[in-house]
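Right, one structure below, let's go through it.
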There are 2 protein chains.
Amino acid sequence: MASKKYHHGDLKNALIQAGIKILAKEGVGGLSLRKVAKKAGVSHSAPYAHFPDKQSLIAAISTEGFKQLYAELDAAVSPYANDPRRQLEAGAWAYVQFAMNNTDTFNIMFSGVLEKEKDYPAFVESSRKTFERVVDVVRACQDAGVLRPAPAELLAVSVWGQLHGIVSLALEGQISHVVLDRFSVREIVFSALNQMVLGNPLS
Amino acid sequence: MASKKYHHGDLKNALIQAGIKILAKEGVGGLSLRKVAKKAGVSHSAPYAHFPDKQSLIAAISTEGFKQLYAELDAAVSPYANDPRRQLEAGAWAYVQFAMNNTDTFNIMFSGVLEKEKDYPAFVESSRKTFERVVDVVRACQDAGVLRPAPAELLAVSVWGQLHGIVSLALEGQISHVVLDRFSVREIVFSALNQMVLGNPLS
DNA sequence: GACAATATCTTGACGGTGTCAAGATTTGGA
DNA sequence: TCCAAATCTTGACACCGTCAAGATATTGTC
C-alpha cells in the first residue's frame, strides 16, 4: 500500500516499529537512527521530521514498551478480579516474563539509556499508568489481608522493586550460579514475594 | 613524574582512572575511547595496546566499581561484627549510597552496558566476591534470628534484589512523586527491608 | 655492551554515527 | 489557485571505534 510516494504517510509509527525490531535483533548497541531510517525505507535524516533527536525516538520506543507491559500486566491480572492473591502472583510473573522476553526493550525502559525521562510526557504517563495498575493490585491484596497494612503506594514500590531487582540482576548474569543451579527464576521470584505475603504462600 | 616519555609507564591504569572521571562527569553516553586517551595524554589508538576494545575498558572500569562497592560495603558492615541486625542495616544503606553517589558507575556495572560479562574473569570475580559478602551478612542474620531460615544464597538474592530494584527505580526516576513526596529514599528502603526482618524493625 | 624480539605508542585511514543546513516535493487550507 | 507548512532528500560536519603500518622504547639473551 502506498508503496513509493514521496511522503510516507505514517513514517513516525513506521520508525518506531522499525526501531523495536532492530532493538530486538541487535540490542541497544545496534540501534541507530540511520538503520531505523533505512529499515523504514527513507533517507538517513528523514526521522528528524518526526523526532528532534535519537533520544526522542528512544523515548517513543520505551513508551511503546510501557504500553505493552501494561497490557500484559492487565491481561494477566484481570481474570482474577476477586482473588487478589492470584492477581499478585500472575502480575508478578507477567512482569518477569516481559523482562525476560523483551530484554532490550526492558533495558531502554529502565536502564538509563533514556537520559531525561522527564522531558517526555508520554513516557512519564505510560509509566505512571503501569505503576497505578500495580498499586491497584497491592491495594486489593491489602484489603484481602494478603499484604500487610501500609501506604499502598509505598508497599507497591517495595513489591515492584523486589521484582524489578531480581529480574534485573538475572538479566545481567549477576545471580550466582550457586543459586541458579538450585533454583529456577520462578522459584527465586516467588520465594522473595512470599516474604511479603501473609498466610498461604504463593507458588 | 615521568612526564613526557614516549612510554607512559602505567597507561593501563591511567586509562581506567581517566575513564572513571569522564564517566562521572559526562555519563555513559559521554564515555569514548578517544576522550579517555586524550585525558591520559596519549594518541587516540594507544588504548589498543592495553584493551582489545571499548567493551574491555568498560569491563575494567566496572571491575573497579565492584572493588569500591565491596570496600564500602565491608567498611560499613565490619564495625558491627556481633550485631547482625545493624550489619544488615548499615550494609543495605551503603549499597544504596554507593548507587546514588556513583550513578554512572553503578549504571555500567548493572545496566547491560557491558554486553558479555562472562568474558571478563576479573569482572565476574569482583562481582562474585561482593555477593559473597552479602551472603555473609545474611547468614549472620539468620543465625541471630533476624532473617528467616532459608538457603542463605537464595535469601541473599532476595535482599540484594530488593535493594537493587528500589535504588534502580529511584535512579531512573520511576518512583512515583506520590511516594517521594511523603517518604525519603531511606524510608522506602527500610520499609521494604523491614518486611523481611523478624522482630524489632530496622530504622 | 650489542642486538633482536617484544611491548608500547603515533599516524593515518576506514566506515558508521548523530545532527544540521539547504533544497526538493507534497499536502492542506485560505 | 496559490501559498505556507509539513515532509523528505542530499550533502556536509565532527566524532566515534577499529585497524594497519610504522616509530620508539624496553627487555632478555649472548
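In the text below, chain A, chain B and the rest are named by the order of the sequence lines, each starting its count at 1. Owing to the predicted nature of the structure, the values given are computational and were not obtained by experimental measurement.
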Any residue in residues 26-40 of chain A with a heavy atom nearer than 4.0 angstrom to DNA chain C? Just list them by number, or reply none. S32(A), L33(A), R34(A), K35(A)
ring-ring contact (aromatic ring centres under 6.0 Å, His included) with F131(B): which residues, sequence neighbours excluded? W160(B)
Who passes side-chain hydrogen bond (donor to acceptor under 3.5 Å, both in side chains) against S111(A), sequence neighbours left out? N107(A)
Partner set under side chain to side chain contact (heavy atoms under 4.5 Å, CB included) for Y120(B), not counting sequence neighbours: D53(B), Q55(B), S56(B), A59(B), L114(B), F123(B)
Rounding to a whole Å, what distance do you find between D10(A):CG and dT7(D):P? 11 Å
Can you find a heavy atom in the side chain of L31(A) that is under 4.5 Å from one in the side chain of D104(A)? no
Mind checking side chain to side chain contact (heavy atoms under 4.5 Å, CB included) for L198(B) and listing every partner two or more places apart, or none if nothing turns up? R148(B)
Are any of H44(B)'s side-chain N or O atoms less than 4.0 Å away from OP1 or OP2 of dG12(C)? no
Among residues 106-118 of chain B, which ones have heavy-atom contacts with DNA chain D below 4.0 Å? none
Which whole-number value in Å describes the distance from L11(A) CG to dT25(C) P? 19 Å
Using side-chain heavy atoms (C-beta onward) and a distance below 4.5 Å, is M100(B) in contact with Q97(B)? no
Mind grabbing the angle between the end helix axes of the helix from dG1(C)-dC30(D) to dA30(C)-dT1(D)? Five pairs an end, 10° rounding. 10°
Scan residues 54-65 of chain A against DNA chain C and write down, sorted by residue number, each residue with any heavy atom closer than 4.0 Å; if none is found, say none. K54(A)
With F110(A) via ring-ring contact (aromatic ring centres under 6.0 Å, His included) - residues at least two apart: F66(A), F106(A), H164(A)
What residues, two or more places apart in sequence or in another chain, satisfy side-chain hydrogen bond (donor to acceptor under 3.5 Å, both in side chains) together with E115(B)? none
Give a yes or no on whether the backbone of S126(A) and the side-chain of T130(A) come within a donor-acceptor separation of less than 3.5 Å. yes
In whole angstroms, the gap separating P of dT7(D) from CZ of F51(A) amounts to 12 Å
Once you round it to whole Å, what is the distance between C1' of dT18(D) and NE2 of H50(B)? 16 Å
Presence of salt bridge, E153(A) and R182(B), under 4.0 angstrom: yes
Keeping the roles fixed (side chain from Q87(A), backbone from V77(A)), state whether a donor-acceptor pair exists under 3.5 Å. yes
With sequence neighbours left out, the residues meeting side-chain hydrogen bond (donor to acceptor under 3.5 Å, both in side chains) with E26(A) are K35(A)
So ring-ring contact (aromatic ring centres under 6.0 Å, His included) across residues 28-52 of chain A, not counting sequence neighbours, yields none
Whole-Å distance separating the NZ atom of K12(A) from the P atom of dC8(D): 12 Å
